Amino acid sequence: MRTAVISDIHGNLEALKVVLADIDERSVDRIVCLGDVLGYGPDPVACADLVAERCEWCLMGNHDFGVLYEPTNFNLAAEQACYWTRRQFDAEPDEESKTRRLTFLNQLRVRVEFDDFVCVHASPRRPINEYVFPEDALNSPNKMKQIFDWIPKYCLCGHTHVPGVFTDEPEFYPPDEIGDDDRYNFIEGEKAIINVGSVGQPRDLDPRAAYAVMDETGVSFHRVEYNIEETAARIRAVPELNNWLADRLFEGR
Ligand code: ZN
């Protein structure tokens with residue numbers, strides 16, 4: 001079973017479309033989403049519809065939670081984006097579309113397990129909100145040990161928008177440090193937390209959209225170029241979306 005894993009789309013329809021097209025070129029059996037479909041970006045409604053249509057299931061991210069319920073610990077730009085996003089769903093004139101979308105958003109799950117994988121948006125012990133940063137592998141070995149205690153084997157997550165593999169050494173390996181073709185092969189007896197990166201707002205200084213493909217033996221990381229200019233223009237056209245949300249896309253930060 002080959003599973004394409006996407007995360008952190010953040011209302012970036014241009015990025016989502018090219019990622020789905022790229023996935024369609026590979027032989028994958030299904031697509032799943034680790035959450036944060038919404039927030040920051042200019043096309044939250046279209047992104048929600050596309051994820052609902054193409055993904056087998058989708059998790060709840062902190063921004064999805066913020067839009068649906070209430071934003072917590074958000075900076076001003078993120079909070080404003082949250083309220084604006086909510087209004088886009090409220091503004092739908094067609095009752096049937098509105099109900100279908102709210103049904104989709106209301107059934108987003110916090111945690112899904114399949115085979116050897118625990119899937120969460122953020123971290124296995126605080127699935128919606130905890131950040132597991134690459135530097136934690138070096139600076140916070142206790143935090144990493146506690147987090148690894150929550151999973152029997154492998155975990156899939158997003159949230160930081162930085163793709164790579166955490167092992168229980170603990171160590172962090174970005175995709176370009178794991179060998180040929182940006183593929184990481186699981187090692188017998190070793191636990192791993194795989195961050196698949198962000199489709200719509202990468203923060204590893206590579207502005208290309210990120211996603212990953214899993215199978216029983218490992219994970220392949222992929223990057224795809226998309227029309228950043230188009231997404232940025234759409235962000236700048238919305239007064240409630242801070243221009244910085246457009247600027248950062250070009251730098252991948
Ligand atoms: Zn996110």
Side-chain angles (χ1 to χ4, degrees), residues 4-16 19 31-48 50-51 55 57-86 88 105 108-112 119-124 126-134 136 155-164 166 174 193-212 221 223-224 226 228 231-232 235 241-242 244-253:
V5 188
I6 62 175
S7 189
D8 296 273
I9 296 146
H10 286 296
N12 187 339
L13 184 62
E14 296 300 313
L16 178 59
V19 161
I31 308 172
V32 301
C33 178
L34 304 182
D36 272 4
V37 176
L38 314 176
Y40 296 133
D43 290 297
V45 174
C47 287
L50 205 44
V51 168
C55 295
W57 46 259
C58 180
L59 297 179
M60 168 86 73
N62 55 316
H63 286 259
D64 308 318
F65 186 92
V67 171
L68 279 170
Y69 307 111
E70 59 179 326
T72 44
N73 294 325
F74 280 14
N75 62 44
L76 187 62
E79 190 176 291
Q80 277 179 339
C82 237
Y83 292 128
W84 175 82
T85 300
R86 188 181 182 111
Q88 307 318 299
L105 293 174
L108 298 179
R109 285 178 282 176
V110 168
R111 175 188 170 111
V112 169
C119 306
V120 289
H121 176 66
S123 98
R126 287 177 55 208
I128 294 184
N129 274 309
E130 181 172 44
Y131 290 91
V132 186
F133 290 112
D136 289 338
C155 175
L156 295 173
C157 67
H159 194 43
T160 62
H161 303 197
V162 179
F166 295 88
I193 296 173
I194 297 114
N195 191 311
V196 301
S198 169
V199 169
Q201 196 192 82
R203 291 181 195 155
D204 61 344
L205 303 179
D206 180 345
R208 295 174 299 167
Y211 74 96
F221 292 92
R223 299 306 279 256
V224 203
Y226 72 96
I228 300 177
T231 299
I235 290 173
L241 298 179
N242 192 305
W244 176 67
L245 297 172
D247 298 341
R248 69 189 304 180
L249 296 178
F250 294 92
E251 295 162 35
R253 69 179 172 96

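Small disclaimer: the values here were computed from a predicted structure and weren't measured. Atoms within a ligand are numbered from 1 in the order they appear, just like the ligands themselves.
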Undergrad: For Glu79, give me all partners under salt bridge (charged side-chain N to carboxylate O under 4.0 Å, His left out), at least two apart in sequence or on another chain.
TA: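 Salt bridge (charged side-chain N to carboxylate O under 4.0 Å, His left out) list for Glu79, sorted by chain: empty.
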Undergrad: What is the name of the N/O/S atom in Asp8 that sits closest to the Zn ion (ligand 1)?
TA: OD1
Undergrad: OD2 (Asp36) to the Zn ion (ligand 1) to NE2 (His10): angle, nearest 10 degrees?
TA: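 Taking the Zn ion (ligand 1) as the apex, the two atoms subtend 90°.
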Undergrad: Any N/O/S atom of His161 sitting less than 2.8 Å from the Zn ion (ligand 1), backbone or side chain?
TA: yes
Undergrad: Nearest heavy-atom pair of Pro207 and Ile228: which atoms, and what distance?
TA: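 For Pro207 and Ile228, the tightest heavy-atom pair comes out as CB-CD1, 3.7 Å.
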Undergrad: Compare every heavy atom of Leu68 with every heavy atom of Met60, then report the nearest pair and how far apart it is.
TA: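 Closest pair (atom of Met60, atom of Leu68, distance): CE-CD1, 4.1 Å.
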Undergrad: Taking both backbone and side-chain atoms into account, decide whether His121 has an N/O/S atom under 2.8 Å from the Zn ion (ligand 1).
TA: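 Of the N, O and S atoms in His121, none lies under 2.8 Å from the Zn ion (ligand 1), which means no.
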Undergrad: Can you give me the closest heavy-atom contact between Gly200 and Asn12, atom names plus distance?
TA: O-ND2, 3.1 Å
